[in-house]
Amino acid sequence: MQRRKWDIEELLLGIDVVKKYLPQQSFIDNIAFDSREVNNDSLFVAVKGQQTDGHKYISQVIDKGVKVLIVEDWQEDISKDIIQIQVKQSAKALAILACNFYDNPSRKLKLTGVTGTNGKSTIVSLLKQLFDGLGYKTGLLSTINNVVVDKIYTSTHTTPNPVMLNELLDRMVKAGCEYAFMEVSSHAIDQERTAGLDFDIAVFTNISHDHLDYHGDMKTYIATKKRLFDNLKKSAYAIVNQDDKRGKVMVQNTKAIVKTFALQSIADYKGKIIEQDLVGTLININGQEIHSRIVGRFNAENMLAVYACGELSDVAPYELLMQMSNLKAAEGRFEYVIDKSRAITGLVDYAHTPDALKKVLETIIDIKNKSARIITVIGCGGDRDKTKRPKMASIGAELSNQLILTSDNPRSEDPMQILRDMEQGLDADEKHEVLTIEDRRTAIKMACKLAKTGDIILVAGKGHEKYQEVKGVKTPFDDKEILKVELKI
């Protein structure tokens, strides 16, 4: 199908233009910010990123036939045939251009964005299941995958680049979707990937130690998340976790209608865990009981957020409760397999932050038999926040009967250096008890060998991932499948 050709002036709506040179009317049918993806009818946006500066590739894209440039730094020595538009921030301009290019698809959907350190994937996954069950066509943008109705597209980032993001939203509109649910990462907010999107609901889950390698400090990390709520329209809903002290901070300057959820505090959506075990949780939500297949206190918070989104989308409470009782956890989130012959449970969870690991282990402690031991296998990713490594090991040692440190995704780093960083969080006695096994498969195998009747093995950090990245090479690796093999399930 032939793409629509856009007049440049139409695409500039909403963009803060500093200066422009438009010698003639021009039309484009493609937006690119990667010099390798341009053609004769492309508009090239020179984005200043962390890794590279798009301005360095301007001569290359002109050689490939590009005649329209969006820049932050005005280019003096280029052909007079080239249209040039200078903007204050090219990354933000790119996002708004992408919205305009795809005719602002987010305005044609009821779009919910979920941000926070933990819980994003679970909440958007549950929301898609919920609204699918209610009979709506929906779309999903998440760490695990991107889905348009039932067609799955591979996910490479928690939040896609703005061109891909708007293309996926446009696919949702064309497929007849009414609702879309997306994770909104702090990286995406900081890099303006979500600029120009029209959110109807924004959810804040929590904030804890993560991504400080990128943001530098917690203050900046928190302020970045807050920007999602600062930019909401008046008719939108801002739904925040009242139990997290940053919940109030998130909505200090929002124009949106604020709603709260909590297990411990007074809130618009108040929850209470009545009982829980490995197969589910009985929760009271605003005076009504629901038995959920979702396990854990942290997941009870997620369910409250889902309930709030449903009710604020005008779904009747009885319909909500009925559908929510059938919801399943997102892939790689507190997923378990059981060796029935020995009553050994293997758990896989994406917990890759200190707070997430602590919450998962505390949940296991709450629901396990008193005699059962917890054997935990964890690692930390390479080329990511190093300051959380000792904290992860310390929490694992404190809340487990046996801790095994191993590789996660070392990426370009030396796996043993990552493990040495983790070991810094252990005291002398813990270092004698903790096992360090570089190879992740061997570490999981050892955990299964050490397990006795009734024990619980937690393999944390990678969750849904189906690969392991070492020295830039991704090889197939699935924690759950390895657990099933070693437990002979």
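If you read the sequence from its start, that first residue is 1, and numbering goes on from there. Note that the coordinates shown come from a computational prediction; the quantities given were computed from them, not determined experimentally.
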Side-chain donor-acceptor contact under 3.5 Å, [X] with [Y]:
| X | Y | value |
| --- | --- | --- |
| Q288 | Y318 | no |
| N409 | E465 | yes |
| S155 | N145 | no |
| T363 | D366 | no |
| S121 | R333 | yes |

**Report entry** L127: which of I201, L327, T112, T138 passes side chain to side chain contact (heavy atoms under 4.5 Å, CB included)
**Finding:** T112

Give a yes or no answer on whether the side chain of [X] reaches the backbone of [Y] with a donor-acceptor pair at less than 3.5 Å.
| X | Y | answer |
| --- | --- | --- |
| K488 | K484 | no |
| N231 | R227 | yes |
| N302 | T122 | no |
| K388 | H352 | yes |

Inter- and intrachain pairs under salt bridge (charged side-chain N to carboxylate O under 4.0 Å, His left out), touching [range], at least two apart:
| range | answer |
| --- | --- |
| residues 262-284 | none |
| residues 129-157 | K128-D132 |
| residues 257-267 | none |

If you look only at pairs with a residue in [range], which of them pass as a ring-ring contact (aromatic ring centres under 6.0 Å, His included), with sequence neighbours excluded?
| range | result |
| --- | --- |
| residues 450-471 | Y350-H464 |
| residues 370-418 | none |
| residues 405-439 | none |

By side chain to side chain donor-acceptor pair (under 3.5 Å) - contacts of [X] (at least two apart):
| X | result |
| --- | --- |
| N253 | K226 |
| K359 | D355 |
| K108 | D103 |

Could you give the distance from [atom1] ([X]) to [atom2] ([Y]), rounded to the nearest 0.5 Å?
| X | Y | atom1 | atom2 | result |
| --- | --- | --- | --- | --- |
| I374 | T345 | CD1 | OG1 | 11.0 Å |
| E183 | T205 | CD | OG1 | 9.5 Å |
| I404 | T436 | CD1 | OG1 | 9.5 Å |
| D200 | S313 | CG | OG | 8.0 Å |
| I444 | L487 | CD1 | CG | 10.0 Å |
| S292 | L321 | OG | CG | 11.0 Å |

May I ask you to say whether [X] pairs ionically with [Y], meaning some side-chain N is under 4.0 Å from a carboxylate O?
| X | Y | result |
| --- | --- | --- |
| D478 | K462 | no |
| K431 | D427 | no |
| R171 | E167 | yes |
| D198 | K233 | yes |
| D34 | R36 | yes |

Query raised in the report: Going by the angle between their ring planes, with limits at 30° and 60°, are Y179 and Y136 parallel, tilted or perpendicular?
Result: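 If you compare the ring of Y179 with that of Y136, the planes turn out perpendicular.
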
Report task. Test side-chain hydrogen bond (donor to acceptor under 3.5 Å, both in side chains) on D190 and T224 and set out the steps. Result -> CA-CA 6 Å; D190 185 63; T224 302; 4.5 Å; no

Query - L169 and S106, any side-chain heavy atoms less than 4.5 Å apart - result: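 SC-SC contact between S106 and L169 confirmed.
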
Query raised in the report: Under 4.5 Å between any side-chain heavy atoms of L312 and I239, yes or no?
Result: yes

Report summary line: For residues 370-379, the side chain to side chain donor-acceptor pair (under 3.5 Å) pairs (sequence neighbours left out) are R373-D455, T376-S400

Report task. Report the C-alpha separation of T115 and V203 in whole Å, then their side-chain angles, then the decisive distance to 0.1 Å, and conclude whether the side-chain contact (heavy atoms from CB on, under 4.5 Å) test is met. Result -> CA-CA 6 Å; T115 197; V203 179; over 6 Å; no

Query raised in the report: Hey, do the aromatic rings of Y307 and F261 have their centres closer than 6.0 Å?
Result: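 When the ring centroids of Y307 and F261 are compared, they turn out to be at least 6.0 Å apart.
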
Does [X] have more than 12 heavy atoms from other residues, nucleotides or ligands lying within 6.0 Å of its [atom1]?
| X | atom1 | value |
| --- | --- | --- |
| K452 | NZ | no |
| R293 | CZ | yes |
| K466 | NZ | yes |

Requested in this report: Show the numbers, then the answer: is there a salt bridge (charged side-chain N to carboxylate O under 4.0 Å, His left out) between E362 and K358?
Outcome: CA-CA 6 Å; E362 287 176 341; K358 185 172 186 282; 2.7 Å; yes

Requested in this report: Of all the heavy-atom pairs spanning D349 and F334, show the shortest one and how long it is.
Outcome: OD2-N, 2.7 Å

Requested in this report: Mind listing the closest non-hydrogen atom pair of A91 and V47 along with its distance?
Outcome: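 Smallest heavy-atom distance, with atoms named: CB-CG1, 4.0 Å.
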
Report task. Dump the intermediate steps for salt bridge (charged side-chain N to carboxylate O under 4.0 Å, His left out) on R342 and D339, then the final yes or no. Result -> CA-CA 6 Å; R342 295 186 293 161; D339 176 355; 2.8 Å; yes

Query raised in the report: Quick one: salt bridge (charged side-chain N to carboxylate O under 4.0 Å, His left out) partners of E486, sequence neighbours excluded?
Result: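 E486: no salt bridge (charged side-chain N to carboxylate O under 4.0 Å, His left out) contacts found.
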
Query raised in the report: For R389, what residues pass the salt bridge (charged side-chain N to carboxylate O under 4.0 Å, His left out) criterion, not counting sequence neighbours?
Result: E413, D421

Report task. Take L282 and Q276 through the test side-chain contact (heavy atoms from CB on, under 4.5 Å) and record every step on the way to the result. Result -> CA-CA 6 Å; L282 183 62; Q276 60 178 333; over 6 Å; no

